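Some notes on the structure that comes next.
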There are 2 protein chains.
Amino acid sequence: MSQSDTVKRILDAAEVLFAEKGFAETSLRAITSRAGVNLAAVNYHFGSKEALIQAVFERYLTPFCQALDAKLEELEGESRNGGEVPLEKLLLLASRLALGSHGDEPRRAMIFFRLSGQAYSQPQDHLRAWLREHYGPVFRRFLALLRRAVPDVPPMELFWRVHFSLGAVIFTLSGMESLQAISKKDFNQTVTATHITQQLLPFVAGGIRGGG
Amino acid sequence: MSQSDTVKRILDAAEVLFAEKGFAETSLRAITSRAGVNLAAVNYHFGSKEALIQAVFERYLTPFCQALDAKLEELEGESRNGGEVPLEKLLLLASRLALGSHGDEPRRAMIFFRLSGQAYSQPQDHLRAWLREHYGPVFRRFLALLRRAVPDVPPMELFWRVHFSLGAVIFTLSGMESLQAISKKDFNQTVTATHITQQLLPFVAGGIRGGG
DNA sequence: GCTAGTTTAAAACGTCTGTTTTCAGGCGTG
DNA sequence: CACGCCTGAAAACAGACGTTTTAAACTAGC
């Protein structure tokens, strides 16, 4: 029982509340109250609030990155004895994994995108540095495949365009509730995460190829 | 003297500190201390911390939106008796105004982009609703011109792609310091705001046109 | 049954927060 | 001069916060 019930309930509650209100605005008391556990349990199991935040990210990101890493290895094998991996295939892979690597529950993916948005706009370096250190290799691996998919885009421009794409994804999906309201009002159309992802793919593909 | 010296100094300090550390993490004491004014001055002049945040946005956004509005009216006049406004021209206009509508000081623009990032990831509705209410018309005006620049993109897809672009811009520019460090390490190239904007334009143009 | 690890309950700690108040002076306008 | 507005200094307020502590239960494994 490496993962006791209390730990899991704390992580679940923290995940939702951090996404809803942000890190600083979410108190440990709110978390433990929602989780139905004792206030002291957080510091008992995690040591500090900061460590809890990292644990929330780790629980989500590790399975996703492992899945992505495995798929990328597959693709590298395919592309070694054959043609390059097309851009659309790479993007589709990432999006499918991001939305579906946790038991087909896009709502959790949505929560996590909000979390990522908060993490990135958070100017404290701890978290960002930690993320880069732990998940940088997978990112670079993905970038390498991408580079071969669009060889006419100079490496540095590609670097920036990938970050632009990340911005588009995280920003949009983390502000989705408000955008949903507008979309419903202006176009009378409800919007789901998978729907947005479908809209995102041509945008990102077009952006990475560049439209001068 | 509608704008006393104290008010200006508070706004200046708040702008920088909010961008650096976020809203919740910046105390009124830090602001007044940096501004060299009394703690009570904030509540005296603005009424509350929330009102101060809005004031910071207002001071920056109002001149920018006025300038944008004027330029858009120009363009509407041109396009009425003539062809459409090309997409690149619209994007270039917006970017130039965003960077230069405050006396050619891109550093302030950068600060403000960080601010916008914080505002958008902030889930409290007040600020977002307030921004939408005050600056929605200009945004819709810009969108209308955009629609005519890319008539083959369905309105709803265009709506989303504009938000994707916003995300790319705000996300990238609000996390620029960290990205600068990576870029310098990997490509040995220093990066300025104008430089990023140049990189952004083809990405956004390609994304909005869509690259299926 | 003893022991070690969990969990709860409750209270307290010190600190920081936004906000308010009080008192004092400064400044220009009528 | 007197009045109103701005500013400064200082203190206090009540509340929330992260964290720690103490004590008493529970729950397994040896």
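For the numbers below, each heavy atom of this structure counts, side chains included, while hydrogens, waters and symmetry mates do not. Note that the coordinates shown come from a computational prediction; the quantities given were computed from them, not determined experimentally. Within every chain, numbering begins at 1; the chains are lettered A, B, ... in the order of the sequence lines, protein sequences first and strands thereafter.
- When rounded to the nearest whole Å, the span between CD of B/Glu25 and P of C/dG18 equals 11 Å.
- Checked against D/dG18, C/dT17, C/dT8, the side chain of A/Leu28 finds its nearest nucleotide in D/dG18.
- Rounded to an integer number of Å, the gap from CG of A/Asp5 to C1' of D/dT27 is 14 Å.
- Residue A/Thr6 places at least one side-chain N or O closer than 4.0 Å to OP1 or OP2 of C/dT7.
- Atom-to-atom, NZ of A/Lys8 to P of C/dT7 comes out at 14 Å; the value is rounded to the nearest Å.
- With respect to the salt-bridge test (charged N to carboxylate O, under 4.0 angstrom), the residues A/Arg108 and A/Asp12 do not qualify.
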Canonical and wobble pairing (Watson-Crick, G-U, under 3.5 Å) of DNA chain C, dot-bracket with |: ||||.||||||||||||||||||.|.||||

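- Residue B/Lys71 places its NZ atom among 12 or fewer non-hydrogen atoms of other residues, nucleotides or ligands, all under 6.0 Å distant.
- For C/dG5, neither phosphate oxygen OP1 nor OP2 lies less than 4.0 angstrom from any side-chain nitrogen or oxygen of A/His45.
- In this structure, B/Asn43 reaches the C/dT19 phosphate: one of its side-chain N or O atoms is under 4.0 Å from OP1 or OP2.
- For A/Asn38 and D/dA23, the CG to P distance is 16 Å, given to the nearest whole Å.
- Taking atom CZ of residue B/Phe46 and atom P of nucleotide C/dT19, one finds them 13 Å apart after rounding to whole Å.
- With salt bridges taken as basic N to acidic carboxylate O contacts below 4.0 Å, none links A/Glu20 and A/Arg34.
- A straight line from CD1 of B/Ile31 to P of C/dT17 spans 11 Å, rounded to a whole angstrom.
- Taking atom CD1 on B/Ile10 and atom C1' on D/dG8, their separation rounds to 12 Å, with Å as the unit.
- Residue A/Thr26 is classed as a sugar-phosphate contact, given heavy-atom separations below 4.0 Å to backbone atoms only.
- When the nearest nucleotides of DNA chain D are assigned to B/Leu39 and B/Arg9 by heavy-atom distance, the more 5′-ward of the two goes with B/Arg9.
- The CZ atom of A/Phe171 sits 11.0 Å away from the OG1 atom of B/Thr172 when rounded to the nearest 0.5 Å.
- Among the nucleotides D/dT19, D/dT7, C/dA9, the one closest to the side chain of A/Arg29 is D/dT19.
- Between B/Phe203 atom CZ and A/Phe203 atom CZ the span is 5.0 Å, to the nearest 0.5 Å.
- Which of C/dT8, D/dA10, D/dC17 sits closest to the side chain of A/Val37 comes down to C/dT8.
- Rounding to the nearest 0.5 angstrom, the gap separating the CG atom in A/Leu131 from the CD atom in A/Glu58 is 10.0 Å.
- For B/Tyr44, no side-chain nitrogen or oxygen approaches OP1 or OP2 of D/dT7 to under 4.0 Å.
- Between B/Glu73 and B/Arg141 there is a salt bridge, since at least one side-chain N of the basic residue sits less than 4.0 Å from a carboxylate O of the acidic one.
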